[in-house]
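One structure is given here, and the rest of the page talks about it.
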Number of protein chains: 2
Amino acid sequence: MEHNNKHNEVKFQNPHLTVDVVVFSIVNEQLCTLMIKRQRAPFQGNWALPRAEINPKLDASLEFTAKRNIKLLLDVDTPYLEQVQTIGNNERDPRGWSVSVVYYSLIAENAFPVKENAQPLKWMTINETLSKALSFDHQHIIENCYHRLQNKSLYTSLPIFLLPEEFTLTELQKTYELVLGIKMEKKSFRRRLLDAGFLQETGRMRHANHRPALLYRLSERQPYYFARIIEGVRDSKNID
Amino acid sequence: MEHNNKHNEVKFQNPHLTVDVVVFSIVNEQLCTLMIKRQRAPFQGNWALPRAEINPKLDASLEFTAKRNIKLLLDVDTPYLEQVQTIGNNERDPRGWSVSVVYYSLIAENAFPVKENAQPLKWMTINETLSKALSFDHQHIIENCYHRLQNKSLYTSLPIFLLPEEFTLTELQKTYELVLGIKMEKKSFRRRLLDAGFLQETGRMRHANHRPALLYRLSERQPYYFARIIEGVRDSKNID
DNA sequence: CGAATAGTGTCTATGAGACAGTATGCT
DNA sequence: AGCATACTGTCTCATAGACACTATTCG
């Protein structure tokens, strides 16, 4: 069974395969990810990403596995799900070669972990996940997803999926700023979004103790791709 | 073993897992992918993408598996390799649930299939792959990689990896045009590339029966990301 | 010299950021 | 009225495309 793998036909035992999801949401004006406390070794008692095995009888595809798991955890259908990467090596799991297909999902605030879940679930702020020790290489995975989200937010309408159906332009700008960690210029932000043409006025308004704001909704389910990236205000690019 | 997969702990048999590579190169001024003729069922005798099993003893990671396979087929180290997607479902292989981690690779012309390979290998033009019946969902996979390559070429320096170490700006423009299927404007192309600052003059020149051209090389191994996408000449965007 | 390709000068178009101004609702 | 936030007018700036021009080598 040694050297004739030129033919790609030698059979090796398949490495262990799972589907991991990084669910982003905004909770208390903070970008958070959904984490789960592990019930058994390895990393027992540590926080980890939700993970699902493929159920060949139940799941038609990897994407379905991811969706099924999100539904199980939060009882919502995610409005945005994207496959980010697949990590596979012999170091990430002490039990041996393992492979994770990683998805990230964006959902609006107010999705609460399902109570009947056996494991403790919680929304952990992105800063917390990036600074504290997590299970396996999950910190690394979250970092990758976060970078992808940030990067894509520079030239797409992705952050909209972190908001409810109806939202004001100011709320949307705040969401972009939260995700990107930069301040944006109001006029150029609004011009960019409105000129793109994928926002629809709902006719309703958001009221507070000042001038009410128009409420918008998406007219397309697909994210919009802009031709240029956001540059951010020209001095002091970082919020923090 | 039915319903308590809330705990993500029910063990299912792992689906079959492979690493597939779409190797792009320019052969005879045509964008091509490396294809292999299948020696056994299913799809015996049909063209397919090169595919490798993970060898847990040999491979430290999925990326290593991909590199190992390219080396085996062409005896080159690819200058660019990127994971595109992982496809897994119960329809793509008649034998059942199967998962492919897909990479694409860019290499310069003049990499020839290794002769001792048992299977017949060939460079197939992208048009041929997209029009003729291939094995499994490989046409679909190639299409995805091709779109990713085209899309990324609009805002990165990727097409450079399809050229040898040293190249002229005209050769580079031709490569972009070939990949993107659009004509580009000479001045803006050169300005864009030179202003980015990642090209280095080699001091040598390409000679022919006309004015010789400066030869350039990359000064960084990482692809460069532009802030704006290529728009292409404003009328008649398509070549074909 | 002429053919052919390399390479440039400079105009317009687009869309981003800057910044100050106006609009409208609540208390 | 006056505060707070919504929304706009219009300037500058960066970078893309248009297009015509000049430069250099070979035969």
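The chains referred to below are lettered A, B, ... by the order of the sequence lines, with proteins before strands, and numbering in each begins at 1. For the numbers below, each heavy atom of this structure counts, side chains included, while hydrogens, waters and symmetry mates do not.
One finds the CZ atom of B/F136 at 12.5 Å from the CD1 atom of B/I87 (value rounded to the nearest 0.5 Å).
Scored by the ring pair (Phe, Tyr, Trp, His ring centres under 6.0 Å) test, A/Y146 finds no partners at all (sequence neighbours excluded). Qualifying salt bridge (Lys or Arg N to Asp or Glu O under 4.0 Å) partners for A/E185, counting only residues two or more places apart in sequence or in other chains: none. When the side-chain contact (heavy atoms from CB on, under 4.5 Å) test is applied to B/I26, the partners found at least two apart in sequence or on another chain are B/L31, B/E109, B/L162, B/T175, B/L178. Residues passing the ring pair (Phe, Tyr, Trp, His ring centres under 6.0 Å) test with A/F226 are A/Y224, sequence neighbours excluded. The salt bridge (Lys or Arg N to Asp or Glu O under 4.0 Å) test applied to A/K37 returns no partner, not counting sequence neighbours. A search for ring pair (Phe, Tyr, Trp, His ring centres under 6.0 Å) contacts involving A/F167 returns nothing, not counting sequence neighbours.
Between the P atom of D/dA18 and the CE atom of B/M184 lies a distance of 11 Å, rounded to the nearest Å. One can place CD1 of A/I229 at 9 Å from P of C/dG17, the figure rounded to the nearest angstrom. For the pair B/L172 CG and C/dG7 C1', the interatomic distance rounds to 15 Å; values are reported in whole Å. Summarising the geometry, the separation between CG on A/D195 and P on C/dT14 is reported as 12 Å, rounded to the nearest angstrom. Remark: P of D/dC7 and CG of A/L169 are 6 Å apart, rounded to the nearest angstrom. Rounded to an integer number of Å, the gap from CZ of A/F167 to P of D/dT5 is 21 Å.
Closest contact between the side chain of A/L214 and the listed nucleotides D/dC7, C/dA6, C/dA16 involves D/dC7. Proximity note for A/R190 (side chain, C-beta onward) versus D/dT8, C/dG17, D/dA16: the nearest is D/dT8.
The side chain of B/T170 contributes an N or O atom lying less than 4.0 Å from OP1 or OP2 of C/dA6. Taking side-chain N and O atoms only, B/R192 has a distance below 4.0 Å to OP1 or OP2 of D/dA16.
The salt bridge (Lys or Arg N to Asp or Glu O under 4.0 Å) analysis of residues 191-217 of chain A, with sequence neighbours excluded, yields the pairs A/E166-A/R204, A/E171-A/R206.
Judged by distance alone, the side chains of A/T18 and A/S100 do bring a donor and an acceptor atom under 3.5 Å apart.
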Nucleic acid footprint by protein, nucleotides 19-27 of chain C - heavy-atom cut-off 4.0 Å, B for base, S for sugar-phosphate alone: B---BBBS-
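For DNA chain D, no neighbouring residue in residues 147-159 of chain A is found when judged by any heavy atom under 4.0 Å.
When each of B/R228 and A/R191 is assigned the nucleotide of DNA chain C bearing its nearest heavy atom, the one mapping closer to the 5' terminus is B/R228.
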